[in-house]
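Throughout, a chain's letter reflects where its sequence line sits, starting with A, and its residues are numbered from 1. What you are looking at is a predicted structure, and each value in this text was computed from that prediction instead of being measured.
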Amino acid sequence: MAYSEKVIDHYNNPRNMGSFQKDEDGVGTGVVGAPECGDVMKLQIKVEDDKIVDAKFKTFGCGSAIASSSLATEWLKGKTVEEAGQIKNTEIVQELNLPPVKIHCSVLAEDAIKAALNDYAKKEEVKSSASS
Amino acid sequence: MNEAAADPRSLPMARSMCWHCQSEVKGEYLCGRCIKVQPLSTELDYFSCLNLPRKLNIDRDEIEATFYRLNRVFHPDFYAKGDDHNEKTISLGNSALVNTAYRTLRDPIQRAEYLIRLEAGSAKEIRTAPPADLFEEILELQDDLNAFRAGDPKEHSAEMTKLRQTLQAAQASLTNRLQQLDAQLFEAFEVWDALQEETSDEAEAVRVRKEHVLEEMQGILSNRTYVRNIVNDVVATIK
């Protein structure tokens, strides 16, 4: 099975690879895994005034998983927290032309986004309850 | 005459009537009247197919003997020369099921995965807590792997030597972890098998304990996949 050109491009030139400090202000971290294939994905967002100003990822897995998370970070940047929650795995499948056997990679990326958003929301809640 | 269930040469069949001569069949592989091969039930699970209880410790010699015995009846080669198209198709279907059943149950990991699917509907329904520590470890190791790949393997700089040592140590500790996971899994096999034999009246309590074991096994199997993946990657990178 051949990877699409877009997957190969993201794989060879991953965007936004790396990580932020987990406890940094405004940073939300999502770490998820796919027990079926053993892939692990970490996705982080940096939020300022409800807007995602930066995103980073680190993925251990196949080319499609790396491309899915790389694309996700690109899409996240500039979005509001609410908009980010609306990113669907099917959009990633379309953009990267993923074959059916690789759809779970895009699901993993969506899960990672959700996990990062949840983590951010939780941190904000703690912050607001601490200040009130 | 033996009841179908008690006869070792019978299995649940797709139909209760011979497809060829319409006489009653009760689970015999071959029709008692016209000796035509009968189709196995499509709902037959792999354990029943190989005449095994739903237990996780199995006798490899026994399962092999059963497999050969069934193959001697169903192998499509025995029906290839006849001109009966139905018999060819039926024997092919039966033989395929027997083969898959044997290949799946022969391997302890696949056997456990299959049992979980069978007992819990879909293995995906069992959600186990993601092993956060393991994920962190894997992602950290991923950095070392990337750094090693970026370097020149023939170079004997202090940095490359150090990276190689780090990865070798990780390989050893992860391989060890894999063995521990296998040991845990086989312990769970024992617990499951004991529960299958449990005949106490507290059916509900047994059911809850079974569910717990299935969940535990699912967790071990998931972790096993993560660890094996990263071990393979480390081995391939530093070889």
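Side-chain atoms of B/Asn229 do not come within 3.5 Å of backbone N or O of A/Gly61 as any donor-acceptor pair. Listed for the B/Tyr226 side chain is no donor-acceptor partner under 3.5 Å among the backbone atoms of A/Cys37.
Side chains of B/Asp143 and A/Lys58 form a contact here, defined as non-hydrogen atoms less than 4.5 Å apart.
With respect to B/Glu136 and A/Lys22, a salt bridge is recorded, a charged nitrogen being found less than 4.0 Å from a carboxylate O.
Residue-environment remark: CG (A/Asp49) stays at or below the threshold of 12 foreign heavy atoms within 6.0 Å. Heavy atoms from other residues, nucleotides or ligands lying under 6.0 Å from CD of B/Glu159 number 12 at most. Under a cut-off of 6.0 angstrom, the local environment of CD in B/Glu202 is sparse, with at most 12 non-hydrogen atoms contributed by other residues, nucleotides or ligands. Heavy-atom neighbours of A/Lys88 NZ from other residues, nucleotides or ligands within 6.0 Å: above the threshold of 12. Residue-environment remark: OH (A/Tyr11) stays at or below the threshold of 12 foreign heavy atoms within 6.0 Å. The local environment of CD in A/Gln94 is sparse, with at most 12 non-hydrogen atoms from other residues, nucleotides or ligands closer than 6.0 Å.
With a threshold of 4.5 angstrom between heavy atoms, B/Leu141 does not approach chain A through any atom at all. If you measure heavy-atom distances from A/Thr59 to chain B, the contacts under 4.5 Å come from the backbone alone.
Ranking B/Ile138, B/Leu134, B/Asn146 against chain A, the residue ahead of the rest is B/Ile138, based on heavy-atom pairs under 4.5 Å.
Closest of all the heavy-atom pairs between B/Asp233 and A/Phe60 is OD2-CE1, 3.0 Å.
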